[in-house]
Novice: 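Input: one structure, supplied below.
Source: prediction; values computed, not measured.
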Amino acid sequence: MMRRTPIRAVLLAATGAAVVLAGDAGTAVSAPRDRARSASPDAAQTKRFATGEVRDRGGAARSRGEQPDRRRGGAAARSGRERSEDLRPRAIFGADDRFPVLDPTAYPYAAVCKVFAEFPYGDVLEGSAILVSERHALTAGHVIHDAALGGFAERVTVIPAYDFGDAPFGSFEAADVTAFTGWTRDRDFDWDVALLALDGDPGYDTGWLGFGAYADTTLAGATVHTAGYPADRDAGRAMWGASGIAESVLPGQVQFRGALDAARGQSGSGLWLRFSDGRYVAGIVSSETSTWNRATRITEPMFDALAAWMDEELLPDFRPVSVGALPAEVFAPHAATIPVAVVNEGAAPASTDVALFARDGLYARTEIGRARVHVPAGSTVTAYVQANVRPALAGASYDLVAEVNPEDEVAESETADDAIAGREFAVMPDFALLAPFATAYRSMEPGAIDRFVLDVPAGASLLRLVLTGAFDAAAEVRRPDGSTELLVSGRRNAVAEFAPAPGRWEIDLRRPLDGTRIRTARLRAVVR
């Protein structure tokens, strides 16, 4: 029996130093193989990166009757600009006739992706993939799951049309990866295919290819095309293509050697056919023997499973579309019910939390309420969140921010739009203890100076000054003895407490001349 090794990705040392190829051609794979085969090799496992969960999936639904050629999707061109796949006869073990793809942004090559997979033990594998929908890509199972490296990769980065470090359409993370247990448990190359569900929709810019399960008579002798990132050309940093004849068709493999070539690092590349209605992926470049390069063939049960997983659309996409408001000023403690409208733009229902935050500046925030919401696919639901503004927040201004799925418990297709900012509000102290002594509101132009005078009575134990609402305002405080202190608002607010010497206190509120626009400043003085 011939020994096979994956046409491997490049294995990078964890230190990022020298590049080492994972295994030599013709040697056995070092990862262990389970002794017992799975009862159903077309069952699968899904890794969800948001939660780290690995869950088992059932076997694929089987087709009834003879359906020799089954296909899904089709070529979705980004534009009319294409590069033809010329037939270039070549020998796998002789002359190398692969060609560089000079314009990887032209369809169909724009749908070819570079893959970086980071594994639990610190290893990084480089491979290839092909987009088969706006947000799904196919790759080889061994690119994202390797028992010797700790199982599933912990992070998978996908870059369409990657070219010497350039990402013309952006870089995307896999939110879910699903691989057949025929590979993850048995290391069977007939099941060396994985589906990547991305956290964005690059296919709308790049286009994508369909995929299909084809009969032996369709595949044998057909002209097939592939492109990917072989490590032996430009160190895997540029796309190379090849075209040729499918010379041998097995139940789970398509074999080629006389007119098509592939090398390590190109694992996961699509092997596609061109028809009058578009291009369709019929296999995924996977392995080699001493005499053949091989692509794992998309069979009918594999086709059924891949189509079902894509139809499920494992990834909901939450987005808050509106958030209610607190009053412009609230006195802590304060309670209110805030409505937050949440839309699920994905195709799967899911339940998650909606959290409210008081955000001070750009980063610092304090949670003030949370509620649970279930949003059906394609629907909008309003969650009613009980907000509790605590005394600890007193003396500052905040933005009210609503965020869905704050703990990333549900894997989403897009997380950049999970939060929405509402109205700004200021939190005042509880005036049962702190009586207002003076309050001033000013709309100040750059360079403006405004003076406030406080007469602090004898017997006061505390003087607190709160400056809010202006990024670039400052207050110069002059005590009765003539000493001064500067109070600067910083990001949003400044609070200072003074020993309240009785007498006349003067506060000059200033705006610097280099201010860009009118700001609203609020100065509050309280004594106790």
Novice: What is the distance from atom CD of E409 to atom OG1 of T352, rounded to the nearest 0.5 Å?
Specialist: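 Between E409 CD and T352 OG1, I get 4.5 Å after rounding to 0.5 Å.
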Novice: Find out whether Y229 and R237 are in side-chain contact, i.e. whether some heavy atom of one side chain is under 4.5 Å from a heavy atom of the other.
Specialist: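 Of all side-chain heavy-atom pairs linking R237 with Y229, none is under 4.5 Å.
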Novice: Testing the basics here: between A419 and V401, what is the closest heavy-atom pair and its distance to 0.1 Å?
Specialist: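 Smallest interatomic distance, heavy atoms only, reads CB-CG1, 4.3 Å.
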Novice: To the nearest 0.5 angstrom, please state how far the CD atom of Q266 sits from the CD1 atom of I284.
Specialist: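 Spacing of CD (Q266) from CD1 (I284) equals 11.0 Å.
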Novice: Are side-chain heavy atoms of W505 and P480 found at a separation under 4.5 Å?
Specialist: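 Touching, per the 4.5 Å side-chain cut-off.
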Novice: So Y162 and F116, would you call those rings parallel, tilted or perpendicular, with 30° and 60° as cut-offs?
Specialist: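 Rings of Y162 and F116: perpendicular, as their planes differ by over 60°.
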Novice: Quick one: do E506 and R479 satisfy salt bridge (charged side-chain N to carboxylate O under 4.0 Å, His left out)? Show the steps, please.
Specialist: CA-CA 7 Å; E506 294 179 348; R479 299 179 178 88; over 6 Å; no
Novice: Would you mind reporting whether Y109 and D103 have side-chain heavy atoms less than 4.5 Å apart?
Specialist: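 No, too far: nothing below the 4.5 Å cut-off.
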Novice: If you apply the rule side chain to side chain contact (heavy atoms under 4.5 Å, CB included), what do you find for L400 with F425, and how did you get there?
Specialist: CA-CA 7 Å; L400 181 65; F425 66 99; 3.9 Å; yes
Novice: Search all heavy atoms of L393 against all heavy atoms of A358 and return the closest pair with its distance.
Specialist: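 Residues L393 and A358, closest heavy atoms: CD1-CB, 4.2 Å.
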Novice: Calculate, to the nearest 0.5 Å, the distance between atoms CZ and CD1 belonging to R423 and I338 respectively.
Specialist: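 Answer rounded to 0.5 Å: 10.5 Å.
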Novice: Is it the case that the side chain of N344 and the backbone of P316 share a donor-acceptor pair, with hydrogens and angles ignored and the cut-off at 3.5 Å?
Specialist: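 Pair absent, no side-chain N/O of N344 close to backbone of P316.
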Novice: For a side chain to side chain contact (heavy atoms under 4.5 Å, CB included) check, start with the C-alpha distance between E118 and E154, then their side-chain angles and the critical distance, and finish with the verdict.
Specialist: CA-CA 6 Å; E118 302 175 21; E154 293 186 327; 5.5 Å; no
Novice: Give, for atom CZ of R319 and atom CG of N405, the distance between the pair rounded to the nearest 0.5 Å.
Specialist: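 R319 atom CZ to N405 atom CG measures 15.0 Å (nearest 0.5 Å).
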Novice: Can you see which heavy atom on M239 is nearest to which on A161, and at what distance?
Specialist: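 Looks like CE-CA, 4.0 Å.
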Novice: Scan for salt bridge (charged side-chain N to carboxylate O under 4.0 Å, His left out) pairs involving residues 381-396, sequence neighbours excluded, and state none if there are none.
Specialist: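 Not a single pair qualifies under salt bridge (charged side-chain N to carboxylate O under 4.0 Å, His left out).
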Novice: Is the shortest side-chain heavy-atom distance between V115 and S128 below 4.5 Å?
Specialist: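 Side chain of V115 against side chain of S128, heavy atoms only: no contact under 4.5 Å found.
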Novice: Checking the side chain of D201 only, and the main-chain atoms of G203 only, is there a donor and an acceptor separated by less than 3.5 Å?
Specialist: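 No.
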Novice: Assess the residue pair V342 and V354 against the criterion (side chain to side chain contact (heavy atoms under 4.5 Å, CB included)); give the C-alpha distance rounded to whole Å, side-chain angles, the decisive distance to 0.1 Å, and a yes or no.
Specialist: CA-CA 9 Å; V342 179; V354 179; 4.0 Å; yes
Novice: Using 4.0 Å as the upper bound for N to carboxylate O, is an ion pair formed by R365 and E367?
Specialist: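 No, no charged N to carboxylate O under 4.0 Å.
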Novice: Is there a salt bridge (charged side-chain N to carboxylate O under 4.0 Å, His left out) between R359 and E424 once you walk through the steps?
Specialist: CA-CA 9 Å; R359 185 177 66 189; E424 182 182 2; over 6 Å; no
Novice: What distance separates D317 CG from D418 CG, expressed to the nearest 0.5 Å?
Specialist: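 Those atoms lie 7.5 Å apart.
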Novice: Test your reading of the model: is there a side-chain donor-acceptor pair from W183 to the backbone of H145, 3.5 Å cut-off?
Specialist: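 Side chain of W183 to backbone of H145: a pair is present.
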Novice: Taking salt bridge (charged side-chain N to carboxylate O under 4.0 Å, His left out) as the test, write out the residues that go with D163, two or more places apart.
Specialist: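 Salt bridge (charged side-chain N to carboxylate O under 4.0 Å, His left out) check on D163 returns nothing, list empty.
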Novice: Any idea which heavy atoms bring A153 and A117 closest together, and the distance?
Specialist: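 Reported closest heavy-atom pair: CB-CB, 4.0 Å.
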Novice: Do the side chains of V381 and P376 get nearer than 4.5 Å, heavy atoms only?
Specialist: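 Yes, their side chains come closer than 4.5 Å.
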Novice: So which atom in T382 and which in P339 form the shortest heavy-atom distance, rounded to 0.1 Å?
Specialist: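 Smallest heavy-atom distance, with atoms named: CG2-CB, 3.9 Å.
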Novice: Taking the side chain from Y398 and the backbone from F357, do they hold a donor-acceptor pair closer than 3.5 Å?
Specialist: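 Checking the backbone N and O of F357 against the side chain of Y398, no donor-acceptor pair under 3.5 Å is found.
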Novice: Taking D481 for its side chain and S483 for its backbone only, find out whether a donor-acceptor pair lies under 3.5 Å.
Specialist: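 Here the side-chain-to-backbone pair exists.
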Novice: Is the shortest heavy-atom distance from the side chain of H334 to the side chain of L326 under 4.5 Å?
Specialist: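 The answer is yes, as the side chains (C-beta and beyond) meet within the 4.5 Å cut-off.
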Novice: Is the shortest side-chain heavy-atom distance between P100 and R233 below 4.5 Å?
Specialist: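 They are not in side-chain contact.
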Novice: Where do S379 and V375 come nearest, in terms of heavy atoms and distance?
Specialist: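 Looking at all heavy atoms of both residues, the closest pair is O-CG1, 3.3 Å.
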Novice: Output yes when a side-chain donor or acceptor of D192 lies under 3.5 Å from a complementary backbone atom of H142, and no otherwise.
Specialist: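 Yes, D192 side chain to H142 backbone: donor-acceptor pair under 3.5 Å.
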Novice: In chain order, what residues pass the side-chain contact (heavy atoms from CB on, under 4.5 Å) check against A194, with sequence neighbours excluded?
Specialist: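 T139, I144, A179.
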Novice: Using a 4.5 Å cut-off on heavy atoms from C-beta on, say whether the side chain of L196 contacts that of L138.
Specialist: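 A side-chain contact is absent here, since even the closest heavy-atom pair is not under 4.5 Å.
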Novice: Are side-chain N/O atoms of T484 and E476 paired as donor and acceptor at under 3.5 Å?
Specialist: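 There is no such pair (donor and acceptor under 3.5 Å, judged by atom type) between the side chains of T484 and E476.
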Novice: When rounded to the nearest 0.5 angstrom, what is the spacing between CZ in R372 and OG in S351?
Specialist: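 Between R372 CZ and S351 OG, I get 5.5 Å after rounding to 0.5 Å.
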Novice: Looking only at the aromatic ring of each residue, does the gap between the centers of W309 and F180 stay below 6.0 angstrom?
Specialist: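 Yes, the ring centres sit under 6.0 Å apart.
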Novice: Walk me through it: do T184 and F152 pass the test side chain to side chain contact (heavy atoms under 4.5 Å, CB included)?
Specialist: CA-CA 9 Å; T184 62; F152 275 106; 4.2 Å; yes
